[in-house]
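Since the structure comes first, as structure tokens, the remarks are kept for the end.
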Amino acid sequence: VCINMIRHLGCTLPIELWFQGPEEMDQRMVQLLQPLGVRCVDAKEVEKRFPRRSSGGWELKSYAIIHSIFEEVLLLDADNVPCRDPAFLFEEVEYRRTGSIFWPDYGSLGPERAIWSICDIAYHEESEFESGQMLINKKTCWKPLALTFWFNEHSDFFYSHIHGDKETFHLAWRKIKQPYTMVATPIES
């Protein structure tokens, strides 16, 4: 649905669809995407060359961004359906300045959370990151992206202190002191 909608909106950007083995996508499903110009990437095949410690669902995001063939990656979860061609985001001034755009999610990590001291990061009152949609320039943001991957490689520890993968991006950008763009419009139900 997401890919059909992207193409319906006139978006001609190349697309990679990452999945984890034939139990998630069989060859019939891969063939259904060929007319839409989609490169399907089986993370389990990539792991044969670039092993990873944690291969859960959320942990795939930073791994896929790092190993994507693209230098600039607009990650969209399958349940994030754009309502206009997202190609304009790559030309946004703030993205060009910071190399990343994140969208706010519900809630925020409170100052009492242990994760701030664990990571030796000063508390900032701000929204959590929505990790279902992110725009990241790998060249500009390689250091925080690599740290995000490390956090996710140790999800058995970090996920017990935060809400899954989304805050691994937030914490990594804060720890490295990498500027980022946060969309000003808050999330709504």
Side-chain angles (χ1 to χ4, degrees), residues 1-20 25 30 32-43 46 50 52 57-106 124 126-152 164-188:
V1 171
C2 178
I3 293 169
N4 268 310
M5 188 63 169
I6 287 170
R7 294 300 189 226
H8 173 75
L9 294 169
C11 181
T12 59
L13 292 171
I15 295 174
E16 285 183 345
L17 185 142
W18 281 69
F19 64 99
Q20 299 193 88
M25 277 194 62
V30 169
L32 287 172
L33 293 169
Q34 284 179 344
L36 298 172
V38 176
R39 176 179 179 255
C40 294
V41 181
D42 184 345
V46 176
F50 303 104
R52 59 185 175 139
W58 289 334
E59 293 87 348
L60 178 61
K61 291 178 189 179
S62 60
Y63 183 80
I65 293 170
I66 285 172
H67 294 288
S68 169
I69 62 171
F70 307 122
E71 182 177 307
E72 297 178 277
V73 177
L74 172 62
L75 181 140
L76 293 174
D77 277 357
D79 62 353
N80 281 239
V81 181
C83 55
R84 70 180 275 199
D85 181 348
F88 77 96
L89 293 169
F90 292 89
E91 302 307 321
E92 287 292 307
V93 171
E94 287 299 305
Y95 169 67
R96 289 283 167 217
R97 184 180 66 78
T98 65
S100 59
I101 297 178
F102 295 99
W103 281 259
D105 202 353
Y106 295 107
H124 295 274
E126 57 195 353
S127 176
E128 292 184 19
F129 283 22
E130 161 55 56
S131 65
Q133 63 224 19
M134 301 177 277
L135 181 58
I136 298 173
N137 181 312
K138 295 185 328 190
K139 186 176 181 180
T140 305
C141 299
W142 183 253
K143 287 180 182 179
L145 185 56
L147 181 55
T148 300
F149 175 69
W150 186 84
F151 285 149
N152 282 281
D165 71 302
K166 63 186 184 170
E167 285 303 278
T168 62
F169 289 89
H170 187 185
L171 292 168
W173 259 252
R174 280 284 175 210
K175 180 68 179 174
I176 301 294
K177 295 180 173 60
Q178 175 76 35
Y180 60 86
T181 300
M182 174 63 82
V183 171
T185 306
I187 189 171
E188 293 182 28

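From a predicted model like this one, the values you see are computed outputs, not experimental measurements.
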**Prompt:** Would a 4.5 Å heavy-atom cut-off, applied to side chains only, mark Leu33 and Cys40 as touching?
**Reply:** yes

**Message:** Is the shortest side-chain heavy-atom distance between Ser100 and Met134 below 4.5 Å?
**Reply:** no

**Prompt:** Ser127 and Trp103: side-chain contact (heavy atoms from CB on, under 4.5 Å), yes or no, with the steps?
**Reply:** CA-CA 9 Å; Ser127 176; Trp103 281 259; over 6 Å; no

**Request:** Could you list the residues that satisfy ring pair (Phe, Tyr, Trp, His ring centres under 6.0 Å) with Phe151, not counting sequence neighbours?
**Result:** Phe158

**Item:** Rounded distance [0.5 Å steps], CG in Leu171 versus CZ in Phe129
**Value:** 8.5 Å

**Prompt:** How about Ile136 and Leu75: do any of their side-chain heavy atoms sit closer than 4.5 Å?
**Reply:** no

**Asked** With a 4.5 Å limit on heavy-atom distance, are the side chains of Met25 and Asp42 in contact?
**Response** no

**Request:** Would you please test Arg52 and Phe149 for side-chain contact (heavy atoms from CB on, under 4.5 Å) and show each step?
**Result:** CA-CA 10 Å; Arg52 59 185 175 139; Phe149 175 69; 4.2 Å; yes

**Request:** Find out whether Arg39 and Ile69 are in side-chain contact, i.e. whether some heavy atom of one side chain is under 4.5 Å from a heavy atom of the other.
**Result:** yes

**Item:** Minimum-distance pair of heavy atoms, taken over all atoms of Gln20 and Gly57
**Value:** NE2-CA, 3.7 Å

**Fill in**
Looking only at heavy atoms, the pair that brings Thr140 and Thr98 closest together is CG2-O, 3.7 Å

**Request:** With the side chain counted from C-beta on, respond yes when Cys11 and Pro86 share a heavy-atom pair under 4.5 Å apart, and no when they do not.
**Result:** yes

**Contact list for residues 69-86, test side-chain hydrogen bond (donor to acceptor under 3.5 Å, both in side chains), sequence neighbours left out** = Lys61-Asp77, Glu72-Tyr95, Glu72-Arg96

**Asked** Are any non-hydrogen side-chain atoms of Trp58 and Thr168 less than 4.5 angstrom apart?
**Response** no

**Message:** What's the separation between atom CD1 in Ile65 and atom CG in Leu74, rounded to the nearest 0.5 Å?
**Reply:** 9.5 Å

**Test salt bridge (Lys or Arg N to Asp or Glu O under 4.0 Å) applied to Glu94 - qualifying residues, sequence neighbours left out** = Arg97

**Message:** Main chain of Asp105, side chain of Lys166: is a donor-acceptor contact present, judged purely on distance under 3.5 Å?
**Reply:** no

**Message:** With rounding to the nearest 0.5 angstrom, report the CG to CH2 distance, Leu145 to Trp150.
**Reply:** 15.0 Å

**Request:** With sequence neighbours left out, write down each residue that passes side chain to side chain donor-acceptor pair (under 3.5 Å) with Arg174, or none if nothing qualifies.
**Result:** Glu126, Tyr180

**Asked** So which heavy atom on Pro82 is nearest to which on Leu9, and how close?
**Response** O-CD1, 3.5 Å

**Message:** I'd like to know whether Ile101 forms a side-chain contact (heavy atoms from CB on, under 4.5 Å) with Gln133, so could you lay out the CA-CA distance, the side-chain angles of the two residues, the decisive distance to 0.1 Å, and finally the verdict.
**Reply:** CA-CA 9 Å; Ile101 297 178; Gln133 63 224 19; over 6 Å; no

**Complete:** One should read off an interatomic distance between Thr12 OG1 and Ile6 CD1, to the nearest 0.5 angstrom, of 11.5 Å

**Asked** Of all residues at least two apart in sequence or in a different chain, which pass the salt bridge (Lys or Arg N to Asp or Glu O under 4.0 Å) check with Glu130?
**Response** none

**Prompt:** Do you know which two heavy atoms are closest between Cys141 and Gln178, and how far apart they sit?
**Reply:** SG-NE2, 3.9 Å

**Prompt:** Just how far is it from atom NZ of Lys175 to atom OG1 of Thr148, taken to the nearest 0.5 Å?
**Reply:** 13.5 Å

**Request:** Can you measure from CD1 (Ile15) to SG (Cys2) and round to the nearest 0.5 angstrom?
**Result:** 7.5 Å

**Request:** Would you check if Ile66 and Phe50 make a side-chain contact, meaning some heavy-atom pair closer than 4.5 Å?
**Result:** no

**Message:** Ala146: which residues meet the side chain to side chain contact (heavy atoms under 4.5 Å, CB included) condition with it, sequence neighbours left out?
**Reply:** Trp142

**Asked** Looking at Ser68 and Glu16, what are the two nearest heavy atoms and their distance?
**Response** OG-OE1, 2.9 Å

